[in-house]
Amino acid sequence: MGIFREVAESDLPGIIFTMVWAFDLKEDEEYVEGILDVFKEAGAQICLVELSADLKIRLERNKTENRLREKASKRDVVHSEKILLQRGKIYRMNSLPGEFPDKQILKIDNTQLSALAVARQIQKYYAL
């Protein structure tokens, strides 16, 4: 939580944070709530976005040059794919309709979208 508190208390314009959220794990929900609380207390604008993509595309993206360069945990591609497949079988990786009525969450299926197209949708939706 330290990095979130530092950002919330700074004069930075914001932070983009991504994570894999197992929606059926109470611990994940509590973790996200803790992050949100930090920014709520600071009076920050919070923009929640849930991305989803077909498994085939996610497996392809899992071994792109950029991902392998920037995420050490992905460099053992066999292990990384195994984890991705296991977690998809064990956990629910997408929220259910109406699951978080108190939160505004933009849901985007980015299976066929570039990162730039997704960013533009987020920017438009949240008037950033």
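All residue numbers in this chain count up from 1 along the given sequence.
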For residues [X] and [Y]: do they belong to one hydrophobic cluster (side chain heavy atoms under 4.5 Å, members Ile, Leu, Val, Met, Phe, Trp, Tyr)?
X: Ile15; Y: Ile122; result: yes
X: Phe100; Y: Leu36; result: yes
X: Val38; Y: Ile16; result: no
X: Phe23; Y: Ile83; result: no

### Task
Just grab all the salt bridge (charged side-chain N to carboxylate O under 4.0 Å, His left out) pairs involving residues 88-99, residues at least two apart or on different chains.
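Applying salt bridge (charged side-chain N to carboxylate O under 4.0 Å, His left out) to every pair that reaches into residues 88-99, excluding sequence neighbours, yields Arg92-Glu99.
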
Apart from [X] itself, what residues make up its hydrophobic cluster, given side-chain heavy atom links below 4.5 Å?
X: Val20; value: Leu25, Ile90, Tyr91, Met93
X: Leu85; value: Leu55, Leu59, Leu84
X: Leu68; value: Val77
X: Leu96; value: none

Write out all pairs satisfying side chain to side chain donor-acceptor pair (under 3.5 Å) with one or both partners inside [range], taking only residues at least two apart or from two chains.
range: residues 4-25; answer: none
range: residues 70-86; answer: Asn62-Lys74, Asn62-Ser80, Lys63-Glu81
range: residues 27-43; answer: Glu33-Lys103

### Query
Roughly how far apart are Thr111 OG1 and Arg58 CZ, rounded to 0.5 Å?
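Nearest 0.5 Å value for the OG1-CZ distance: 9.5 Å.
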
Give the table of side-chain donor-acceptor pairs shorter than 3.5 Å for residues 46-53, with sequence neighbours excluded, one pair per line with atom names and distance.
| from | atom 1 | to | atom 2 | distance (Å) |
| --- | --- | --- | --- | --- |
| Glu50 | OE1 | Ser95 | OG | 2.5 |
| Glu50 | OE2 | Asn94 | ND2 | 3.3 |
| Glu50 | OE2 | Ser95 | N | 2.9 |

### Task
Identify, with sequence neighbours excluded, every residue that meets side chain to side chain donor-acceptor pair (under 3.5 Å) alongside Arg61.
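Partners of Arg61 by the side chain to side chain donor-acceptor pair (under 3.5 Å) criterion, ordered by chain and then number, come out as Asn110.
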
### Query
Quick one: side-chain contact (heavy atoms from CB on, under 4.5 Å) partners of Leu116, sequence neighbours excluded?
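Leu116 satisfies side-chain contact (heavy atoms from CB on, under 4.5 Å) with Ser114, Arg120 once adjacent residues are dropped.
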
### Query
For Gln104, which residues count as a side-chain contact (heavy atoms from CB on, under 4.5 Å) partner, sequence neighbours excluded?
Tyr125, Tyr126

### Message
Is it the case that the side chains of Asn66 and Thr64 hold a donor-acceptor pair, with the cut-off being a distance below 3.5 Å and no angle test?
### Response
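Asn66 and Thr64 do not have a side-chain donor-acceptor pair below 3.5 Å.
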
### Message
Can you confirm whether Phe17 sits close enough to Phe39 that some side-chain heavy atom of one is under 4.5 Å from a side-chain heavy atom of the other?
### Response
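A side-chain contact is absent here, since even the closest heavy-atom pair is not under 4.5 Å.
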
